[in-house]
Amino acid sequence: MHELSLAYNLKEILLERCGNSTVVEVEIEVGSLSGVIPETLEFCANMVLAETFGDGVRIVLTHKNAMVSCTCGQEYELEDILDPCPLCKGYNRVIIDGTDIILKSVEVESK
Amino acid sequence: MKSSKKLDIRTSLQERNDQIASENRRLFGRHKLRVFNLIGSPGCGKTSLLEASARVLKNRLAVIEGDVMTTRDADRILAQGSQAVQIQTGGGCHLNAEMVRKSLSDIDFEPVDVLVIENVGNLVCPSTFDLGEAAKVAMISLPEGDEKPVKYPALFVRAELVVINKIDLKPVMDYNLERVRSDCRKLNSAVKVLEVSAKTNEGLDAWIQYLLGNL
């Protein structure tokens with residue numbers, strides 16, 4: 001249920017950055033290791049944004065697989081969390097992307 | 001006619017929480033505190049391990065307890081001689097940096113070396129909210145089953161230490177410790193793993209040394 005907290009954060013960011021415009025669409029990138037259920041975030045965002053911006057806001061969620069960097073030098077995308085390195089078959093890696101929930105863009109109409 | 005345009009934002013939805021967590025982290029630094037965010041399921045033994053820790057560290061330890069309701073956990077820590085502050089989320093499934101910041105004014109940092117923030121019992125939601133800690137500690141226990149790390153990877157990829165509690169039950173449980181250790185390493189090659197029993201105090205010394213920065 002922490003998706004509800006994130007939906008309120010989204011509302012605050014929109015009020016701060018786009019408060020004088022009509023928000024038409026928000027695009028959010030959900031990392032595979034962000035701990036967020038996309039459907040739940042969409043449900044919560046629809047509910048929270050409707051309170052402030054009306055029913056018309058389109059919520060576009062895009063999925064991003066985690067990216068890791070292996071000590072052998074290979075960088076690769078994790079389709080599955082237990083995928084080993086395709087080059088050295090090892091697991092000595094650090095995560096370099098895919099842990100965040102990012103508000104990428106907002107489409108607005110001037111009032 | 002209305003014109004529409006697309007604004008490039010690229011901001012984390014955790015931005016505000018992260019800012020407050022950074023402020024908490026600076027304050028912890030000024031007080032030279034080692035701060036840990038302890039995350040595990042309800043009933044895995046988080047408070048029991050902290051009770052055992054309080055018996056050893058006394059006023060060098062302070063605990064922030066996060067629960068949906070009651071001050072029972074904080075009372076248990078206080079009874080062992082450490083400071084404890086209770087946060088009641090009133091339904092919330094995780095602590096956030098703002099809740100922690102508000103609770104800090106109730107702690108006298110002077111004698112304290114180690115602050116443990118015991119998060120709300122939950123393996124999912126608390127893992128992605130930075131509270132300002134130096135490290136996250138994931139806690140699991142034998143009765144939960146040996147597949148927790150791969151089922152809840154978002155926590156285990158972020159943890160510096162995994163504590164496996166209730167190790168005294170090993171003779172009576174079908175729990176594959178080697179698989180848990182191997183899964184933890186696959187998820188997070190730098191992770192440390194400690195086996196403890198908050199009941200028998202097995203592994204307690206190593207845990208205390210970890211808290212003090214000697215492990």
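We name chains A, B, ... by the order of the sequence lines, and we start the count at 1 in each one.
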Quiz item: Where do A:Val36 and B:Leu13 land on the side-chain contact (heavy atoms from CB on, under 4.5 Å) test, with the steps shown first?
Solution: CA-CA 11 Å; A:Val36 161; B:Leu13 292 192; over 6 Å; no
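- For B:Arg16, no part lies under 4.5 angstrom from a heavy atom of chain A.
- More than 12 heavy-atom neighbours from other residues, nucleotides or ligands sit within 6.0 angstrom of CZ on B:Arg179.
- Atom CD in B:Glu15 sits 12.5 Å away from atom CD1 in A:Ile101 (nearest 0.5 Å).
- For a residue to count as touching a neighbouring chain, one of its non-hydrogen atoms must lie under 4.5 Å from one of that chain's; by this rule B:Phe129 touches chain A with the side chain only.
- For chain B, the nearby parts of A:Ile102 are the backbone and the side chain; heavy atoms of each come within less than 4.5 Å.
- Between B:Lys6 atom NZ and A:Lys104 atom NZ the span is 8.5 Å, to the nearest 0.5 Å.
- Few gaps surround CG on B:Asp8; more than 12 heavy atoms of other groups in view lie less than 6.0 Å from it.
- One distance of note links OG1 of B:Thr11 with CD1 of A:Ile28; it measures 11.5 Å at 0.5 Å rounding.
- Looking at A:Glu27, only its side chain comes within 4.5 Å of chain B, counting heavy atoms on both sides.
- Separation of atoms CG (B:Asn17) and NE2 (A:His2) is listed at 11.5 Å; rounding is to 0.5 Å.
- Side-chain atoms of A:Arg93 come within 3.5 Å of backbone atoms of B:Lys186 as a donor-acceptor pair (strictly under, hydrogens ignored).
- The choice from B:Ile9, B:Leu187, B:Val124, B:Asp183 that makes the most heavy-atom pairs within less than 4.5 Å of chain A is B:Ile9.
- Within the 4.5 angstrom heavy-atom criterion, only side-chain atoms of A:Ile13, from C-beta onward, approach chain B.
- Residue B:Val150 comes nearest to A:Leu82 through the heavy atom pair CG1-CD1, 3.5 Å, listed as atom of the first residue, atom of the second, then distance.
- Side-chain atoms of B:Arg158 come within 3.5 Å of backbone N or O of A:Thr99 as a donor-acceptor pair.
- Put simply, CG on B:Leu155 and CG on A:Leu33 are 11.5 Å apart, with the number rounded to the nearest 0.5 Å.
- By the neighbour-count criterion of 12 heavy atoms within 6.0 Å, atom NZ of B:Lys170 is sparsely surrounded, having that number or fewer from other residues, nucleotides or ligands.
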Quiz item: Do B:Leu7 and A:Arg17 pass the side-chain contact (heavy atoms from CB on, under 4.5 Å) test, and can you show the C-alpha distance, the side-chain angles, and the key distance before you say yes or no?
Solution: CA-CA 10 Å; B:Leu7 307 174; A:Arg17 308 239 184 150; over 6 Å; no
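- Of the atoms belonging to B:Thr128, it is side-chain heavy atoms, and not backbone ones, that fall under 4.5 Å from chain A.
- The contact between A:Val108 and chain B is made by backbone and side chain atoms together, counting heavy-atom distances below 4.5 Å.
- Crowding of B:Asp174 atom CG: a count of heavy atoms from other residues, nucleotides or ligands under 6.0 Å not exceeding 12.
- Only the side chain of A:Glu25 comes within less than 4.5 Å of a heavy atom in chain B; its backbone stays farther off.
- When all heavy atoms are compared, the tightest approach of A:Glu107 to B:Ser4 is OE2-OG, 3.3 Å.
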Practice problem: Evaluate side-chain contact (heavy atoms from CB on, under 4.5 Å) for B:Gln14 paired with A:Asp100, printing each intermediate quantity in order. | Solution: CA-CA 8 Å; B:Gln14 295 279 30; A:Asp100 289 325; over 6 Å; no
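- More than 12 heavy-atom neighbours from other residues, nucleotides or ligands sit within 6.0 angstrom of OH on B:Tyr175.
- Of the two parts of A:Ile95, only the side chain, counted from C-beta on, holds a non-hydrogen atom closer than 4.5 Å to a non-hydrogen atom of chain B.
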Quiz prompt | A:Ser5 and B:His94: CA distance, side-chain angles, deciding distance, side-chain contact (heavy atoms from CB on, under 4.5 Å) verdict | solution = CA-CA 10 Å; A:Ser5 311; B:His94 61 275; 3.3 Å; yes
